[in-house]
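Keep in mind the model is a prediction, meaning the values are calculated, not measured. Below, all heavy atoms of this structure are taken into account, side chains as well, without hydrogens, waters or symmetry copies. Each ligand, and each atom within it, is numbered from 1 in the order the structure gives.
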Amino acid sequence: MRTVGEMRARRLWKLSVFEHLSSTNEYLRHLAESGAPEGTVIIAREQTAGKGRFGRRWASPKGGAWFSVLLRPPIPVEQAGCIAIVMAVSLARALRERWSVPVGVKWPNDLYVRERKLGGILIELSSSPRKIEWLIAGIGINVNNILPQETSVPATSLSCELGRVIDLEEFFDVALHALARDYERFLTEGFEFAREEWSRLSVLPAHIIVESSAERFSADVLGLSPLGKLIVRIGETVRELASEEVTLCQRQPS
Ligand code: ATP
Ligand code: BTN
């Protein structure tokens with residue numbers, strides 16, 4: 001028997017599928033600005049200008065799962081950082097349960113399998129001073145596609161991990177069901193469940209090198225804040241990192 005939560009989870013999404021788009025995030029942004037409802041999902045079989053954080057290129061050939069979901073969460077804008085975590089944890093758990101692949105999460109937005117990047121989440125939003133007008137979660141997961149060669153971290157796909165082709169329609173069913181369930185859970189229960197799950201699934205090492213446009217330093221990872229920020233210690237100072245870039249590398253032994 002399905003619970004009421006599960007039934008609502010299936011109803012949240014309204015899907016449109018395209019053969020080619022430049023970027024599902026870009027396409028959905030126009031719809032969001034014209035008033036499209038929460039739950040609108042855009043899927044592209046192939047993207048010609050897929051993008052990652054900081055406008056980096058996201059390779060999106062046929063065979064992968066490239067999609068964007070539109071949310072209008074009734075939460076303060078300061079909590080928006082929680083959504084990437086909720087979604088990363090939700091996808092990691094769903095893929096583990098369905099395909100038994102050991103998917104981990106790397107703060108703030110990546111999915112990893114055994115030190116290889118499986119996918120990522122790009123959050124874009126528009127807000128007025130107190131309210132999120134729209135939030136787009138763009139999700140890219142390597143499923144059956146050919147992998148890009150020149151990436152900063154080696155890539156992997158579900159089909160590489162499993163040694164067989166995955167049914168992409170089933171992938172979307174599993175992923176969208178989990179995302180709806182955990183998004184609704186976040187809205188009703190708050191962030192704590194995802195924060196706990198994050199600690200179990202995080203692949204960040206204890207010592208990291210942090211890079212931003214202005215600085216580069218090494219730090220110890222202490223945990224995740226109630227707003228989805230990464231809490232680190234730099235020498236004697238404790239700091240919360242929001243959008244700076246965190247690179248997954250061990251500190252050199254001194
Ligand atoms: P990094 O992935 O280097 O740790 P990041 O997660 O902050 O950093 P993003 O901007 O979020 O990087 O993601 C874009 C990066 O992902 C690109 O610079 C490229 O190295 C890599 N990349 C691009 N396409 C793919 C893909 N299909 N699969 C895996 N990695 C990809
Ligand atoms: C990352 O930088 O790790 C996140 C990559 C997000 C890629 C997805 S693919 C669907 C959506 N459309 C885009 O142009 N980017 C996101």
Salt bridge present between Arg96 and Glu197 (N-O < 4.0 angstrom) | no
Residue Gly138 vicinity, atoms of ligand 2 by number, heavy atom under 4.0 Å = 6 (C), 8 (C), 11 (C), 16 (C)
Consider only side-chain heavy atoms of I, L, V, M, F, W and Y, link residues closer than 4.5 Å, and tell whether Trp13 and Leu95 are in one cluster.
-> yes
Quick one: does Gly120 get a heavy atom under 4.0 Å from ligand 1?
-> no
Applying a strict 4.0 Å limit to heavy atoms, is Trp58 in contact with ligand 1?
-> yes
Atom pair OG (Ser159) and CZ (Arg164), whose distance is rounded to the nearest 0.5 Å | 9.5 Å
Take atom CG of Leu222 as the centre, draw a 6.0 Å sphere, and report whether it contains more than 12 heavy atoms from other residues, nucleotides or ligands.
-> yes
Go through ligand 2 atom by atom and flag the ones less than 4.0 Å from a non-hydrogen atom of Ile121.
-> 4 (C)
Side chain, backbone, both or neither: which part of Arg56 has a heavy atom under 4.0 Å from ligand 1?
-> side chain
May I ask which of Asn109, Leu122, Ile43 has a heavy atom nearer to atom 1 (C) of ligand 2 than the others do?
-> Asn109
Can you figure out which of Leu122, Leu111, Asn142, Leu118 has its heavy atom closest to atom 28 (N) of ligand 1?
-> Asn142
Ligand-residue contact atoms, ligand 2 with Gly50, heavy atoms, under 4.0 Å | 14 (O)
So is Val153 polar-close to ligand 1, meaning N/O to N/O under 3.5 Å?
-> no
For ligand 2, which part of Ser68 has a heavy atom less than 4.0 Å away: the side chain, the backbone, both, or neither?
-> side chain
Is Phe193 close to Asp182 at the side-chain level, that is, under 4.5 Å between some pair of heavy atoms?
-> yes
Separation between CG (Leu227) and CZ (Phe191), nearest 0.5 Å, reads 8.5 Å
Using a 4.0 Å heavy-atom threshold (strictly under), name the region of Lys117 that reaches ligand 2: side chain, backbone, both or neither.
-> side chain
If you compare Lys106, Glu211, Lys117 by their heavy atoms, the one closest to atom 15 (C) of ligand 1 turns out to be Lys117
In the protein, which heavy atom is nearest to atom 11 (C) of ligand 2, and how far is it?
-> Thr24 OG1, 3.2 Å
For Tyr183, check ring-ring contact (aromatic ring centres under 6.0 Å, His included) against everything at least two apart and list the hits.
-> none
Please answer: with hydrophobic residues joined when any side-chain heavy atoms are less than 4.5 Å apart, are Trp107 and Val105 in the same cluster?
-> yes
Where the closest heavy atom to atom 7 (O) of ligand 1 is concerned, which of Arg57, Arg53, Glu150 has it?
-> Arg53
Please answer: with hydrophobic residues joined when any side-chain heavy atoms are less than 4.5 Å apart, are Leu71 and Leu15 in the same cluster?
-> yes
Check each heavy atom of Gln47 against ligand 2 and say whether those closer than 4.0 Å belong to the side chain, the backbone, both or neither.
-> side chain
Counting heavy atoms only, which of Arg53, Lys106, Lys51 is nearest atom 15 (N) of ligand 2?
-> Lys51
Sidechain N-carboxylate O distance under 4.0 Å for Glu161, Arg114 = yes
The answer for which part of Thr151 has a heavy atom under 4.0 Å from ligand 1 is both
Pick from Phe54, Tyr27, Trp58: the one approaching atom 7 (C) of ligand 2 most closely through a non-hydrogen atom | Trp58
Should Leu12 and Trp134 be regarded as members of a common hydrophobic cluster, given that ILVMFWY residues are connected when their side-chain heavy atoms come within less than 4.5 Å of each other, either directly or indirectly?
-> no
Got a sec, which residues hit side chain to side chain contact (heavy atoms under 4.5 Å, CB included) with Pro37, two or more places apart in sequence or on another chain?
-> Lys14, Thr40
Per-residue contact class, Ser152 against ligand 1 - non-hydrogen pairs under 4.0 Å = both
Are Arg56 and ligand 2 in contact, using a heavy-atom cut-off of under 4.0 Å?
-> no
Determine the interplanar angle of the Trp99 and Phe171 rings, folded into 0 to 90°, and report it as parallel if under 30°, tilted if 30 to 60°, perpendicular if over 60°.
-> parallel
At under 4.0 Å between heavy atoms, which part of Asn109 makes contact with ligand 1: side chain, backbone, both or neither?
-> side chain
Using a strict 4.0 Å cut-off to heavy atoms of Phe67, name the atoms of ligand 2 that fall inside it.
-> 10 (C)
So the atoms of ligand 2 within less than 4.0 Å of a heavy atom of Ser23 turn out to be 12 (N), 13 (C), 14 (O)
for atom 3 (O) of ligand 2, nearest protein heavy atom and its distance come out as Asp110 OD1, 3.0 Å
Once you round to the nearest 0.5 Å, how far does CG of Leu122 lie from CZ of Arg56?
-> 11.0 Å
What do you reckon, is CD of Glu192 surrounded by more than 12 foreign heavy atoms closer than 6.0 Å?
-> yes
With heavy atoms and a 4.0 Å threshold, my read on which part of Ile139 contacts ligand 2 is backbone
